[in-house]
Protein chains: 2
Amino acid sequence: MDKLDALSSFAALAQETRLDVLKLLIKAGEQGMSAGEIGEQLGIKQNTMSANLNNLARTNLVTNKREGRSIRYYANFSGIRELIGFLMEDCCGGNPEICSPLLEQLKCP
Amino acid sequence: MDKLDALSSFAALAQETRLDVLKLLIKAGEQGMSAGEIGEQLGIKQNTMSANLNNLARTNLVTNKREGRSIRYYANFSGIRELIGFLMEDCCGGNPEICSPLLEQLKCP
DNA sequence: TCCATATATCATGAATTATTGATATATTGG
DNA sequence: CCAATATATCAATAATTCATGATATATGGA
């Protein structure tokens with residue numbers, strides 16, 4: 001995770017369809033979703049969805065895997081963690097008394 | 001933190017100077033940095049820096065406060081937490097067994 | 001009030017990104 | 001091999017974003 005990776009990841013998330021996709025995939029969890037399912041659920045044209053999925057897949061935020069005629073997409077939770085870690089790393093290094101409670105509050109209820 | 005806020009925040013972070021600025025402010029912690037200090041440290045022209053700081057300040061990721069002739073900028077840790085929370089909320093709701101360890105690993109060492 | 005310092009705004013051109021229709025490629029079943 | 005399904009690529013246009021020179025505004029001190 002270098003700065004360019006982080007910039008690409010944030011750019012991927014700075015677009016409504018792709019943000020929707022990642023949230024869908026996070027919700028879907030380890031079973032993932034096929035490109036077609038995602039496009040249908042969000043009501044996005046096929047080629048637009050394809051371009052956006054490729055954009056996401058070029059980041060470390062999602063992975064994919066061909067399954068027969070479909071391609072299945074998955075949220076990459078460790079990639080998401082790395083991105084957040086990249087943003088916060090200097091806080092953790094220099095000011096753990098600020099950073100720790102911040103991340104503490106992110107824990108699931 | 002609605003979807004539009006999240007999109008603006010991610011867009012702010014999808015640009016090198018602004019990402020650099022936020023990381024600087026995270027490192028600076030509660031003492032913050034003036035606009036001039038930030039621009040000087042990053043070697044960015046004054047008006048370019050001003051535009052980028054305004055972009056960041058329109059999100060919830062940073063705050064600012066005029067101090068005499070300068071304007072001081074601060075990372076807004078609760079805003080950062082809200083952004084991460086927005087991204088992960090469906091995970092926490094549906095799959096805490098995936099989400100919890102992810103956030104656990106983000107804690108400061 | 002006048003000057004110096006700190007930041008913001010404006011206008012412009014360059015670059016990037018998004019969407020879409022049309023079409024191509026890949027996979028599977030018959 | 002052929003047809004059907006699933007996804008990708010291409011080309012073009014529209015829209016957005018970026019950085020910058022020039023200039024304006026705001027604050028504090030003499």
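Here is how names work: the chains are called A, B, and so on, in the same order as the sequence lines, proteins then strands, and each is numbered from 1. If you're wondering where the values come from, they're calculated on a predicted model, not measured in any experiment.
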Rounded interatomic separation in angstrom, taking CZ from Arg69(B) and P from dT27(D) = 12 Å
query = Can you check the Asn55(B) CG to dT17(D) C1' distance for me, whole Å?
reply = 10 Å
remark   = Rounded to whole Å, CG of Leu56(B) lies from P of dC18(D) at a distance of 11 Å
inquiry  = Show, in sequence, the C-alpha distance, side-chain angles and deciding distance for Ser50(B) and Asn52(B), and conclude whether the side chain to side chain donor-acceptor pair (under 3.5 Å) test is met.
reply    = CA-CA 5 Å; Ser50(B) 173; Asn52(B) 281 317; over 6 Å; no
key: Among dA6(D), dT20(D), dA19(D), the nucleotide that comes nearest once only the side chain of Ser70(A) is considered   = dA6(D)
query = Base, sugar-phosphate, or nothing: which does Arg18(B) touch, judged by heavy atoms less than 4.0 Å apart?
reply = sugar-phosphate
ask   = On DNA chain C, nearest-nucleotide positions of Thr17(A) versus Arg66(A): which is more 5'?
value = Thr17(A)
note = When rounded to the nearest 0.5 Å, the distance separating CG of Leu56(B) from CD of Gln15(B) is 9.0 Å
remark   = note: Glu16(B), atom CD; dA19(D), atom C1'; distance rounded to Å ~ 14 Å
message = Could you tell me how far apart Asn54(B) (CG) and dC18(D) (P) are, to the nearest whole angstrom?
response = 13 Å
query = Could you give the start and end, 5' to 3', of the contact zone on DNA chain C for chain B, using atoms under 4.0 Å from its heavy atoms?
reply = dA4(C) to dT9(C)
Geometric cation-pi criterion, Lys65(B) with Tyr73(B): 6.0 Å, 45° = no
note = Atom NZ of Lys65(B) and atom C1' of dT27(D) are separated, to the nearest Å, by 16 Å
message = Nearest heavy atom decides the nucleotide; on that basis, is Ile44(A) or Tyr73(B) closer to the 5' end of DNA chain C?
response = Tyr73(B)
query = Any chain of hydrophobic side-chain contacts (each under 4.5 Å) joining Leu22(A) to Leu24(A)?
reply = yes
ask   = Taking atom C1' of dT5(D) as reference, at what distance in whole Å does atom CD of Gln46(A) sit?
value = 11 Å
remark   = To the nearest angstrom, the NZ-P distance between Lys45(B) and dA22(D) comes to 11 Å
query = Which one, dT20(D), dA6(D), dA19(D), comes nearest to the side chain of Asn52(B)?
reply = dA19(D)
key: Interatomic spacing from OG in Ser9(B) to CE in Met1(B) - rounded to 0.5 Å   = 5.0 Å
ask   = Base, sugar-phosphate alone, or nothing: which one does Gln15(A) contact when heavy atoms must sit under 4.0 Å apart?
value = sugar-phosphate
query = Could you state the interatomic distance from CG (Asn76(A)) to CG (Leu25(A)), rounded to the nearest 0.5 Å?
reply = 11.0 Å
query = To the nearest 0.5 Å, how far apart are CG in Asn64(B) and CE in Met33(B)?
reply = 14.5 Å
